[in-house]
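Naming convention: chains lettered A, B, ... in sequence-line order (proteins, then strands); numbering from 1 in each chain.
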2 protein chains.
Amino acid sequence: MTLTDLLPATDVTACCEPLTRESISAENAGALASTLKALADPTRLRLLSMVAAHVDGEACVCDLTEPVGLSQPTVSHHLKILVEAGFLTRSKRGLWAYYRLVPGALDSVSRLLVTI
Amino acid sequence: MTLTDLLPATDVTACCEPLTRESISAENAGALASTLKALADPTRLRLLSMVAAHVDGEACVCDLTEPVGLSQPTVSHHLKILVEAGFLTRSKRGLWAYYRLVPGALDSVSRLLVTI
DNA sequence: TAACTATATTGACGTTTGTCAATGTAGTTG
DNA sequence: CAACTACATTGACAAACGTCAATATAGTTA
């Protein structure tokens, strides 16, 4: 009689243990991953921070291009990604395009993260 | 005398307004982006969730491969990324490698996010 | 209308990423 | 020791990404 025969229960549960709750669905994981992907870039995090730090919580592309140290098309590209992900709004006034944080957007991602 | 001459102040502040506070540093943005990059993948979010949902908050690779629907090397690859990012710990016991959530890791990322 | 300005779009290019098949490694079992 | 098991590593490949130069667009000014 081997040790395995003596301890069948513990051996069975040594791998493939049951769940204590439901884990995140594949669809929700995909959606959250897309949202996080928009944030997972140093330039985009800086852009978000710079927009938030501006007076009136608003900034145009010309405010951001120089401090971020990248070309204007690249900055516009990143801003577009942030708008599409729901973190920024864009409103054009005259020649300028003003970007503004979407209130609560970062908070809701933040809250989602801890429920994983 | 043009309108621009009459309203120099408002014209100047139409673009390139000053900051109300410091924005995130390039180094901190890079570090946070690296951390978020580890999370910004649907498979890795599911793996984190599955590990957390297991009894004792612990799971081995064999627990995760089948439900996630990817090859074993791919799952090991994702788990390694999560360990290196500080979200999981790995402890080998016998033939199995057990992964466990790092307490507070998701919370601190979550908190960092709202201070951007 | 013509010149100018701020921003967006396109196309290209090198880099990074996610995945798998094949193979390597450490530990177990007979 | 030899066969087996769970997991990790390597190498390859297609897809996605970040960046820029060039160009297009929309709005302003003279």
Side-chain angles (χ1 to χ4, degrees), chain A residues 1-7 10-12 14-17 26 29-30 33-34 36-47 51 58-66 68-85 88 90-99, chain B residues 1-7 10-12 14-17 26 29-30 33-34 36-47 51 58-66 68-85 88 90-99:
Chain A
M1 183 175 268
T2 67
L3 185 61
T4 338
D5 294 325
L6 289 169
L7 300 166
T10 49
D11 231 346
V12 165
C15 192
C16 305
E17 300 227 24
S34 298
L36 290 172
K37 224 177 271 276
L39 293 176
D41 178 89
T43 299
R44 291 197 285 271
L45 289 177
R46 293 182 69 195
L47 289 173
V51 168
E58 204 179 48
C60 59
V61 183
C62 62
D63 290 324
L64 306 165
T65 302
E66 185 268 338
V68 111
L70 293 172
S71 72
Q72 172 266 313
T74 299
V75 173
S76 284
H77 165 70
H78 285 304
L79 291 170
K80 184 179 187 180
I81 290 175
L82 290 169
V83 168
E84 287 172 345
L88 290 179
R90 174 186 185 272
S91 65
K92 188 154 190 183
R93 296 201 300 274
L95 284 174
W96 296 276
Y98 292 92
Y99 290 88
Chain B
M1 183 174 267
T2 66
L3 184 63
T4 338
D5 295 324
L6 288 169
L7 300 167
T10 48
D11 229 347
V12 164
C15 191
C16 305
E17 300 226 25
S34 297
L36 289 171
K37 224 176 270 273
L39 292 177
D41 178 90
T43 300
R44 289 196 286 270
L45 289 176
R46 294 182 69 197
L47 288 173
V51 167
E58 204 179 48
C60 58
V61 182
C62 62
D63 289 324
L64 307 165
T65 302
E66 186 268 338
V68 111
L70 293 172
S71 71
Q72 172 266 313
T74 299
V75 173
S76 284
H77 166 69
H78 285 304
L79 290 171
K80 184 179 186 180
I81 289 175
L82 290 170
V83 168
E84 286 172 344
L88 290 179
R90 173 185 185 274
S91 64
K92 188 153 190 184
R93 297 202 299 276
L95 284 175
W96 295 277
Y98 291 94
Y99 290 87

When you look at A/Leu79 and A/Leu64, which way does the side-chain contact (heavy atoms from CB on, under 4.5 Å) test go after all the steps?
CA-CA 10 Å; A/Leu79 291 170; A/Leu64 306 165; 4.1 Å; yes
If I take atom [atom1] in residue [X] and atom [atom2] in nucleotide [N], what distance separates them, rounded to the nearest angstrom?
| X | N | atom1 | atom2 | result |
| --- | --- | --- | --- | --- |
| A/Leu82 | D/dC17 | CG | P | 14 Å |
| A/Glu84 | D/dA16 | CD | P | 15 Å |
| A/Tyr98 | C/dA8 | OH | P | 13 Å |
| B/Leu79 | D/dA6 | CG | P | 16 Å |
| A/Lys92 | D/dA26 | NZ | P | 8 Å |

Please enumerate all protein N or O atoms sitting under 3.5 Å from an N or O of nucleotides 1-5 of chain D, with distances to 0.1 Å.
none

How would you list, by chain and number, every residue that makes a side-chain contact (heavy atoms from CB on, under 4.5 Å) with B/Gln72, sequence neighbours excluded?
B/Val61, B/Thr65, B/Ser76
Go through it in stages, so that I can follow the logic: the residues are B/Leu36 and A/Leu45, the test is side-chain contact (heavy atoms from CB on, under 4.5 Å), and I'd like the CA-CA distance, side-chain angles, deciding distance and then a yes or no.
CA-CA 10 Å; B/Leu36 289 171; A/Leu45 289 177; 4.1 Å; yes
Is there a side-chain polar atom (N or O) of A/Arg90 under 4.0 Å from OP1 or OP2 of C/dA8?
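The answer is yes; a side-chain N or O of A/Arg90 sits under 4.0 Å from OP1 or OP2.
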Phosphate OP1/OP2 of D/dA8: any B/Tyr99 side-chain N/O under 4.0 Å
yes
Find the distance between [atom1] ([X]) and [atom2] ([Y]) and round it off to the nearest 0.5 Å.
| X | Y | atom1 | atom2 | value |
| --- | --- | --- | --- | --- |
| A/Leu82 | A/His77 | CG | NE2 | 10.0 Å |
| B/His78 | B/Arg46 | NE2 | CZ | 11.0 Å |
| B/Asp41 | A/Ser34 | CG | OG | 10.0 Å |

Is the shortest side-chain heavy-atom distance between A/Tyr99 and A/Asp63 below 4.5 Å?
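Not in contact.
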Per-nucleotide protein contact string for nucleotides 11-22 of chain C (B base, S sugar-phosphate only, - none; heavy atom under 4.0 Å)
------SSBBBB
Can you tell me if A/Arg44 uses its side chain to pair, donor with acceptor, with the backbone of A/Ala38 under 3.5 Å?
yes
